[in-house]
There are 2 protein chains.
Amino acid sequence: MSLRYVILTALSEQDLTGYQITKEFDLVLGNLWSASHQQVYRELAKLADEGLASFEMEAQTGKPDRKIYSLTTAGKDDLSRWIEEPVLFAPTRNALLVKLYAGGNRDTLLEHVTCFKANCRAALAEYQAIAKRYYPERLEDMEEWKKRAYLTLRYGVTQREAQVAWAEEAEQVIGDLGQSDDTALDGDCGPDQAEAN
Amino acid sequence: MSLRYVILTALSEQDLTGYQITKEFDLVLGNLWSASHQQVYRELAKLADEGLASFEMEAQTGKPDRKIYSLTTAGKDDLSRWIEEPVLFAPTRNALLVKLYAGGNRDTLLEHVTCFKANCRAALAEYQAIAKRYYPERLEDMEEWKKRAYLTLRYGVTQREAQVAWAEEAEQVIGDLGQSDDTALDGDCGPDQAEAN
DNA sequence: TAGCCATATGCAACAGTGTGCATATGGCTA
DNA sequence: TAGCCATATGCACACTGTTGCATATGGCTA
């Protein structure tokens, strides 16, 4: 149910097209939520249908026509109401941890963890690039909306840093394990392990 | 697609009923994944249907009959294959960050963050209880499967600790904000800056 | 005895997300 | 000119997850 409010939030800043909102998910918004363009268009249609947003067609030269969406009063009210609601915390669902728990070949697990670490580092680099570009000033000098946005970025940074640290700890521990030790699986340490996928 | 493999993992340790698997999600497994009993039963039925697991009815005295599920060879193979596959990382979806980004009343945001912090602390306390009960020995003295399980718990601990630290930082920053400052909602204060991007 | 709880299993409907496919404009390049 | 890319929008179906409801055994307690 949150995607709709992410979109309402984006629209509360400025009028946007579905295409632009989708792009936002690759930038600042991506740190909070993510959605495909199909999801975005579908949700926008629903929002317009329910009167929370409205749109105007805009003809362009050299590019296809587009629909520029803006919040209605009802949309603003609904967003405000939602913000006041208690936050629903999503349960953990972590495939990497499942694989680690399940067992399997040591080198495979190491690869998974190393890949995870690389992902986290890449995310960190992106966050730092965003910080440099959008939040170059000191916290005290930021406008209030910017302080709040910066906090969401800080969340991503601190989480990723903790993940990298954990990954390094995990690499150590897994590195010290024997070659193969599935929980109750094939258990052979035979020559092969077909690289799936 | 992962729920099925979480269940296969649980079954790879020992034969279990749907009821027991559901209980597991409240304990150690809860740190990796979560699912309702309806989901568990549905998935078990599918696994049996596809020949990845099989079950035997067991009559009990004083309690209802139950189905004890066990992995088939095909099930073990499928689990092994899945473990080898690259991990699919789930995109971020964080309602708290959305609300923080959107704005709203300062005290509301503070409440949300404080509630989040309390949740994290509660989770930490649970993790510590589990650590004390299930992993009292030193890491070096653990069996290999236990080292891996311990790592998954460590992940939870390090993440939660980072979240608590962030929450305290956030409380500071939000505490210094003015009373009300929605992005473009009711409480406008002059010419709203709608920062592009 | 009535109601609650733990044990034990499940169906049905719906909401939310993901994936594949489709369509159209027009610029740039091989 | 053919193909690719960015822009721009969307449908249909499948899968995953949530919610409400249903059923049954038997112990414990008010």
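What's counted below: heavy atoms across the whole structure, side chains too, no hydrogens, waters or symmetry copies. Proteins come first, then strands; the chains are lettered A, B, ... in the order of their sequence lines, and each starts at number 1.
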Pairs counted only when both distances fall under 3.5 Å, Watson-Crick or G-U: show me the 5' to 3' dot-bracket for DNA chain C, [ ] for pseudoknotted crossings and | for other-strand partners. ||||||||||||||||||||||||||||||
Check DNA chain D against residues 35-56 of chain A and give the residues with a non-hydrogen atom under 4.0 Å, in numerical order.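 Nucleic-acid contacts, sorted: H37(A), Q38(A), Y41(A), R42(A).
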Non-neighbouring partners of Y127(B) that pass ring pair (Phe, Tyr, Trp, His ring centres under 6.0 Å), sequence neighbours left out: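 Counting only residues at least two positions away or on another chain, Y127(B) forms no ring pair (Phe, Tyr, Trp, His ring centres under 6.0 Å).
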Over all atoms of both residues, closest heavy-atom pair of A35(B) and V40(B):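 Closest approach of A35(B) to V40(B), heavy atoms only: CB-CG2, 4.3 Å.
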For [X], give me all partners under salt bridge (charged side-chain N to carboxylate O under 4.0 Å, His left out), at least two apart in sequence or on another chain.
| X | answer |
| --- | --- |
| E161(A) | none |
| E56(B) | none |
| K23(B) | none |

Distance-only criterion, 3.5 Å: show the donor-acceptor pairs between side-chain atoms of residues 84-92 of chain A and protein atoms not counting sequence neighbours.
{"unit_1": "E84(A)", "atom_1": "OE1", "unit_2": "T108(B)", "atom_2": "OG1", "d": "3.0"}
{"unit_1": "E85(A)", "atom_1": "OE2", "unit_2": "R81(A)", "atom_2": "NH1", "d": "2.6"}

Earliest and latest nucleotide of DNA chain C, 5' to 3', sitting under 4.0 Å from a non-hydrogen atom of chain B?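 Nucleotide range with atoms under 4.0 Å of chain B: dA6(C) to dG18(C).
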When all nucleic acid strands are considered with a 4.0 Å heavy-atom cut-off, which category describes R93(B): base, sugar-phosphate, or nothing?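 If one applies the 4.0 Å heavy-atom cut-off, R93(B) turns out to touch the sugar-phosphate alone, with no base involved.
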Assess whether a salt bridge exists between R106(B) and E144(A), defined as any Lys/Arg side-chain N lying under 4.0 Å from an Asp/Glu carboxylate O.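 Result for this pair is no, no salt bridge flagged.
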Would you say S2(A) and V98(B) make side-chain contact, with heavy atoms under 4.5 Å?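 A side-chain contact under 4.5 Å is absent here.
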Does L71(A) reach the side chain of L8(A), with side-chain heavy atoms less than 4.5 Å apart?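 Of all side-chain heavy-atom pairs linking L8(A) with L71(A), at least one is under 4.5 Å.
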Could you give me the CA-CA distance, side-chain angles and deciding distance for K117(A) and R121(A), then say whether side chain to side chain contact (heavy atoms under 4.5 Å, CB included) is met? CA-CA 6 Å; K117(A) 192 176 70 175; R121(A) 288 219 164 111; 3.6 Å; yes
Pairs touching residues 10-34 of chain B that satisfy ring-ring contact (aromatic ring centres under 6.0 Å, His included), sequence neighbours left out: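 Found none.
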Residues in contact with DNA chain C, drawn from residues 58-68 of chain A - heavy-atom cutoff 4.0 Å: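 Only G62(A), P64(A) qualify.
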List the residues meeting side-chain hydrogen bond (donor to acceptor under 3.5 Å, both in side chains) with Q163(A), not counting sequence neighbours, and say none if there are none.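 So Q163(A) forms a side-chain hydrogen bond (donor to acceptor under 3.5 Å, both in side chains) with R160(A), Y155(B).
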List for me each residue that meets side-chain contact (heavy atoms from CB on, under 4.5 Å) alongside T152(A), sequence neighbours excluded, and say none if there are none.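 side-chain contact (heavy atoms from CB on, under 4.5 Å) list for T152(A), sorted by chain: N31(A), L32(A), L97(B), L100(B), Y101(B).
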T17(B) or W33(A), whichever maps to the more 5' nucleotide of DNA chain C: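 Its nucleotide being nearer the 5' end, the pick is T17(B).
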